[in-house]
Amino acid sequence: MALTFPRDLPLAGVVEETFEVQRVDFLSPEAGGRLGGVTAGEDLWSATWSLPQHGQARADEWRAWISAQRGSQRMFFGREVHRTYPLAYQATAMAGLNRAGGGAFDGAATSWSLDGTRSVVTLNGLPAGFVLGWGDYIGFRWLTGGQHRRDLVRCVEPAVGSAGGQVVVTVEKAVWLNTPPTAVAYLNRPDCLMKLVPGQTSLGRKTRAQALQGSISA
């Protein structure tokens, strides 16, 4: 079966990771002591994943996955793999939840909106009293010309939804300017489009038991 891209990360898992916003900031200090700052371009997500000393099957899966990415030529769906659902629902994967207005909750909001800074997100159509915490993620997905598009933001404050299923929460980074209002906002396994950084991605030596360690950067 032919591979399709973007691909998801392997199921073999990671032992350590970093997943943080990468900004290009310029400082503008003044003689009076004030310090101004401005960001150039869009903020990006930067990630590293450290692989445990896998056995042969998992080592082979990771090696094949990295090879198929062709360095930085192909995209994949990247995420903080240890935070695939809001923390309050991590153990249950949000199974069994219903929307406040009725019907099973599939992890996606029925609608969403932003404030003028694009840093305060209002989600509608969630379960009553839905809980978001520090570090939970909100994803936005849509298609452009048949191609997958993504945006990803992280909650920087806790929030509890209303009885009507609305949650208002502050996020970083700000929602991308090109994210269309028709995009779907979702909370189950939110991700973004990433590419490998070849110079910072390496697999170590295999042991006699065919175990393999390594580090991946994107």
For Gly78 and Leu9 the tightest heavy-atom approach is CA-CD1, 4.5 Å
Check the pair Asp136 / Arg83 against side chain to side chain contact (heavy atoms under 4.5 Å, CB included), numbers first and verdict last.
CA-CA 7 Å; Asp136 289 340; Arg83 199 66 168 265; 3.0 Å; yes
Identify the heavy atoms of Val167 and Gly161 that sit nearest to each other, and give their distance.
CG2-CA, 3.4 Å
Check the angle between the aromatic planes of Trp49 and Phe19 and answer parallel, tilted or perpendicular using the 30° and 60° thresholds.
tilted
Step-by-step side chain to side chain contact (heavy atoms under 4.5 Å, CB included) determination, Leu3 to Trp65
CA-CA 10 Å; Leu3 296 176; Trp65 185 90; over 6 Å; no
Shortest non-hydrogen contact from Leu193 to Met75?
CB-SD, 4.0 Å
Which pairs with one or both residues in residues 97-112 pass salt bridge (Lys or Arg N to Asp or Glu O under 4.0 Å), sequence neighbours excluded?
Arg99-Asp106
Between Pro86 and Val131, which heavy-atom pair has the shortest distance, and what is it?
CB-O, 4.2 Å
For the student: nearest non-hydrogen atoms of Ala183 and Trp112, plus distance:
O-NE1, 2.7 Å
Would you be so kind as to tabulate the donor-acceptor pairs closer than 3.5 Å made by side chains of residues 115-127, with sequence neighbours excluded?
unit_1: Asp115; atom_1: OD1; unit_2: Thr117; atom_2: N; d: 3.3
unit_1: Asp115; atom_1: OD1; unit_2: Thr117; atom_2: OG1; d: 3.0
unit_1: Asp115; atom_1: OD1; unit_2: Arg118; atom_2: N; d: 3.1
unit_1: Asp115; atom_1: OD1; unit_2: Ser119; atom_2: N; d: 3.2
unit_1: Asp115; atom_1: OD1; unit_2: Val120; atom_2: N; d: 3.2
unit_1: Asp115; atom_1: OD2; unit_2: Thr117; atom_2: OG1; d: 3.0
unit_1: Thr117; atom_1: OG1; unit_2: Ser119; atom_2: N; d: 3.2
unit_1: Arg118; atom_1: NE; unit_2: Val175; atom_2: O; d: 3.0
unit_1: Arg118; atom_1: NH2; unit_2: Trp176; atom_2: O; d: 3.0
unit_1: Ser119; atom_1: OG; unit_2: Thr117; atom_2: O; d: 3.4
unit_1: Asn124; atom_1: OD1; unit_2: Gln166; atom_2: NE2; d: 2.8
unit_1: Asn124; atom_1: ND2; unit_2: Ser111; atom_2: OG; d: 3.0

Which residues satisfy the salt bridge (Lys or Arg N to Asp or Glu O under 4.0 Å) test with Arg189, sequence neighbours excluded?
Asp8
Set of residues satisfying salt bridge (Lys or Arg N to Asp or Glu O under 4.0 Å) with respect to Arg150, sequence neighbours excluded
Asp191
Between Tyr186 and Arg141, is there a cation-pi geometry (under 6.0 Å to ring centre, at most 45° from the normal)?
yes
Please report the shortest heavy-atom distance between Leu196 and Ser72, naming the atom on each side.
O-CB, 3.3 Å
Measure centre to centre between the rings of Phe105 and Phe130, then say whether the value is under 6.0 Å.
yes
Who are the salt bridge (Lys or Arg N to Asp or Glu O under 4.0 Å) partners of Glu20, not counting sequence neighbours?
Arg154
Pairing residues for Glu172 by the salt bridge (Lys or Arg N to Asp or Glu O under 4.0 Å) criterion, not counting sequence neighbours
Arg23
